Amino acid sequence: GRPLPPGWKSYTSPEGLRYYVNCSSKETTWRHPSSSAEAPQRPLARQSSSPYGKTGPLYSQPSIFGHKLVFRTQSLAHSFVSSSILVIITLCSFSFLLQINCVTFPLPGEGPEQQLLKPDEWSYCDYFWTDKKDPQGTTSLPGFEVLLQKQLKGKQMQKEMSEFIHERIKIEEEYAKNLSKLSLSPLAAQEEGTLGEAWTQLKKSLHDEAEVHLKFSNKLHSEVEKPLLTFRGDNFKKDLKKYDHHIADLRKQLASRYASVEKARKALADRQKDLEVKTQQLEIKLSNKTEEDIKKARRKSTQAGDDLMRCVDLYNQTQSKWFEEMVTTSMELEKLEVERIEWIQQHLRQYTTLRHETDMFNQSTVEPVDQLLQNVDPAKDRELWVKENNTGEVRPVDMDI
């Protein structure tokens with residue numbers, strides 16, 4: 001083929017069409033640059049105003065309009081250029097962008113560096129934009145689904161904690177029951193004196209301790225187990241499903257818009273190819289097509305370009321809506337998770353408070369025992385026992401003859 005001017009490179013489109021890129025200006029054209037160098041280049045000023053750049057703290061998303069393609073056709077029916085019609089359009093497959101499941105992302109290292117929405121916070125709204133592949137790589141899970149699974153897992157963990165506390169309560173109740181039963185035991189009931197008093201108080205302390213543990217189990221049920229079990233009732237999962245359906249619907253709309261873009265892009269490529277062929281046939285006089293036929297093909301090509309531009313605009317609007325809803329909803333889920341953790345923290349702290357109180361009350365049940373044990377006096381006990389059980393204080397004497 002003919003040599004390219006300095007700074008130009010040749011590529012082949014996915015449809016098999018050859019196009020040319022100016023490495024400096026990024027201009028792209030179907031025409032060989034040496035044949036159109038004389039014509040003035042007047043790119044249209046049409047730009048995409050990405051809605052992402054207008055959302056305050058949100059970082060500036062890349063516009064889908066990346067690598068501009070300049071389509072240029074000329075009527076060569078006469079020895080002069082009758083007109084130049086430029087169609088500036090973006091073909092996603094040509095741009096410095098990447099589509100993942102119909103969502104547009106910048107290629108690594110391309111475009112301005114994105115800033116986190118909430119720097120240094122590891123916020124949900126910054127880290128769940130792409131889909132997560134399973135270990136086998138056969139299916140993928142949307143980032144929003146990962147957040148929803150976290151919520152469901154949190155609900156399950158909360159339920160299991162409640163079950164754990166329930167088992168702890170059963171232990172306390174059984175312990176209290178056994179203590180109360182043991183306190184009524186007749187074992188060593190005949191012990192006497194100061195030691196007998198201490199032993200009786202020790203058995204009574206078991207009954208008092210049983211009451212402490214029973215009170216502890218009741219408070220565990222009302223102040224720990226029940227709040228953990230009832231926090232965010234059955235409606236919580238329904239609310240999560242509403243979030244899920246809302247975001248899923250937006251993704252479906254986005255996929256539909258993306259399909260429209262691809263369809264319109266292919267239609268434009270077909271129209272451009274048809275126009276190119278007709279123009280070349282006219283140039284080498286292999287066809288009797290009139291300039292009117294060329295104009296008709298050019299109009300169809302321009303219309304196809306406008307259709308593609310419209311589809312891209314609709315796609316961008318839908319992606320903008322999805323983006324904004326993702327930010328809003330993910331931050332709502334983040335808030336819910338903070339509330340869940342703080343709620344559990346509060347009630348587990350209540351568990352430790354009740355546990356300390358139980359230890360304190362248990363201590364108070366043995367304090368009377370300690371006091372009586374300190375007062376145990378073997379001499380006193382001997383006195384009391386002797387007084388009650390003596391058989392006579394007159395001692396035997398020697399026999400007289």
Side-chain angles (χ1 to χ4, degrees), residues 47-66 95-134 140-158 161 231-232 235-255 257-258 315-349:
Q47 298 286 339
S48 167
S49 178
S50 173
Y52 300 127
K54 299 180 180 180
T55 50
L58 305 186
Y59 58 79
S60 177
Q61 286 284 314
S63 166
I64 194 171
F65 292 93
S95 68
F96 299 119
L97 300 172
L98 179 67
Q99 272 72 38
I100 302 177
N101 290 343
C102 305
V103 180
T104 305
F105 298 95
L107 286 173
E110 297 292 342
E113 181 181 355
Q114 295 181 349
Q115 301 299 317
L116 295 176
L117 302 183
K118 300 178 74 175
D120 304 321
E121 293 189 32
W122 291 95
S123 175
Y124 286 176
C125 66
D126 278 318
Y127 295 98
F128 293 90
W129 291 106
T130 53
D131 297 345
K132 179 180 180 180
K133 289 187 177 181
D134 66 3
S140 59
L141 189 68
F144 187 73
E145 290 292 332
V146 176
L147 294 176
L148 288 180
Q149 287 187 355
K150 170 64 174 171
Q151 293 291 320
L152 294 173
K153 182 180 177 181
K155 179 70 173 174
Q156 179 63 25
M157 293 302 97
Q158 168 192 325
M161 288 180 188
F231 179 60
R232 293 186 182 145
N235 289 332
F236 180 65
K237 290 186 177 180
K238 293 180 181 178
D239 292 339
L240 290 184
K241 283 188 177 180
K242 289 180 182 178
Y243 286 134
D244 190 16
H245 292 158
H246 180 57
I247 297 298
D249 286 345
L250 289 173
R251 280 295 292 264
K252 289 178 182 177
Q253 293 177 30
L254 194 60
R257 298 297 191 196
Y258 181 73
Y315 171 89
N316 279 344
Q317 292 171 21
T318 303
Q319 182 167 262
S320 173
K321 177 65 175 175
W322 172 75
F323 174 85
E324 292 168 0
E325 290 298 316
M326 274 285 289
V327 170
T328 302
T329 309
S330 64
M331 291 180 71
E332 179 64 25
L333 295 181
E334 183 177 305
K335 178 183 175 184
L336 290 175
E337 178 62 3
V338 170
E339 290 174 355
R340 183 189 76 90
I341 291 175
E342 290 178 345
W343 178 267
I344 292 175
Q345 178 192 33
Q346 172 188 342
H347 289 85
L348 293 185
R349 280 180 171 174

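Not measured: the values here are computed from a predicted model.
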Rounded at 0.5 Å granularity, tell me how far CG in Leu141 sits from OG1 in Thr130. 11.0 Å

Do you know the tightest heavy-atom contact between Pro106 and Gln114? CG-NE2, 3.7 Å

At what distance, to the nearest 0.5 angstrom, does CD of Gln253 lie from CG of Asp249? 6.5 Å

Exercise: identify the closest heavy-atom pair between Tyr258 and Gln99: CE1-CG, 3.3 Å

For Ser330 against Leu147, the heavy-atom pair lying closest together: CB-CD1, 3.7 Å

So CG of Leu116 and CH2 of Trp122: to nearest 0.5 Å the spacing works out to 8.5 Å

Take atom CD of Gln156 as the centre, draw a 6.0 Å sphere, and report whether it contains more than 12 heavy atoms from other residues, nucleotides or ligands. yes

Report the C-alpha distance between Glu334 and Lys118 in whole Å, list the side-chain angles of each, state the deciding distance to 0.1 Å, and finish with yes or no for side-chain contact (heavy atoms from CB on, under 4.5 Å). CA-CA 12 Å; Glu334 183 177 305; Lys118 300 178 74 175; 3.6 Å; yes

Quick check: does any side chain N or O of Asp126 sit under 3.5 Å from a backbone N or O of Pro119, one acting as donor and the other as acceptor? no

Checking the side chain of Thr329 only, and the main-chain atoms of Met326 only, is there a donor and an acceptor separated by less than 3.5 Å? no

Minimum-distance pair of heavy atoms, taken over all atoms of Lys155 and Phe231: NZ-O, 3.0 Å

For atom NZ of Lys133, decide whether the heavy atoms of other residues, nucleotides or ligands shown that lie under 6.0 angstrom number more than 12. no

Are the side chains of Leu333 and Leu240 in touch, meaning some heavy atoms are under 4.5 Å apart? yes

Treating Arg232 as the side-chain partner and Leu336 as the backbone partner, does any N or O pair qualify as donor plus acceptor under 3.5 Å? yes

Applying salt bridge (Lys or Arg N to Asp or Glu O under 4.0 Å), name anything that partners Arg257, two or more places apart in sequence or on another chain. none

How far apart are the C-alpha atoms of Glu145 and Asp131, what are their side-chain angles, what is the distance that settles it, and do they pass the side-chain contact (heavy atoms from CB on, under 4.5 Å) test? CA-CA 9 Å; Glu145 290 292 332; Asp131 297 345; over 6 Å; no

If you define the side chain from C-beta out and look only at heavy atoms, does anything of Asn101 sit under 4.5 Å from Ser140? yes

Quick one: does Gln151's side chain get under 4.5 Å of Asp239's, heavy atoms only? no

Which of parallel (below 30°), tilted (30 to 60°) and perpendicular (above 60°) describes Trp343 and His347? tilted

Mark yes or no for whether Glu325, through its side chain, and His246, through its backbone, hold a donor-acceptor pair below 3.5 Å. no

Search all heavy atoms of Met331 against all heavy atoms of Cys125 and return the closest pair with its distance. CG-CB, 3.8 Å

Roughly how far apart are Thr318 OG1 and Lys321 NZ, rounded to 0.5 Å? 10.5 Å

Please identify each residue that fulfils salt bridge (Lys or Arg N to Asp or Glu O under 4.0 Å) with Lys150, with sequence neighbours left out. Glu337

Where the side chain of Gln158 meets the backbone of Ile344, is there a donor-acceptor pair that is under 3.5 Å apart? no

State, to 0.1 Å, how close Trp322 and Trp129 come at their nearest heavy-atom pair, and which atoms those are. CH2-CE3, 3.8 Å

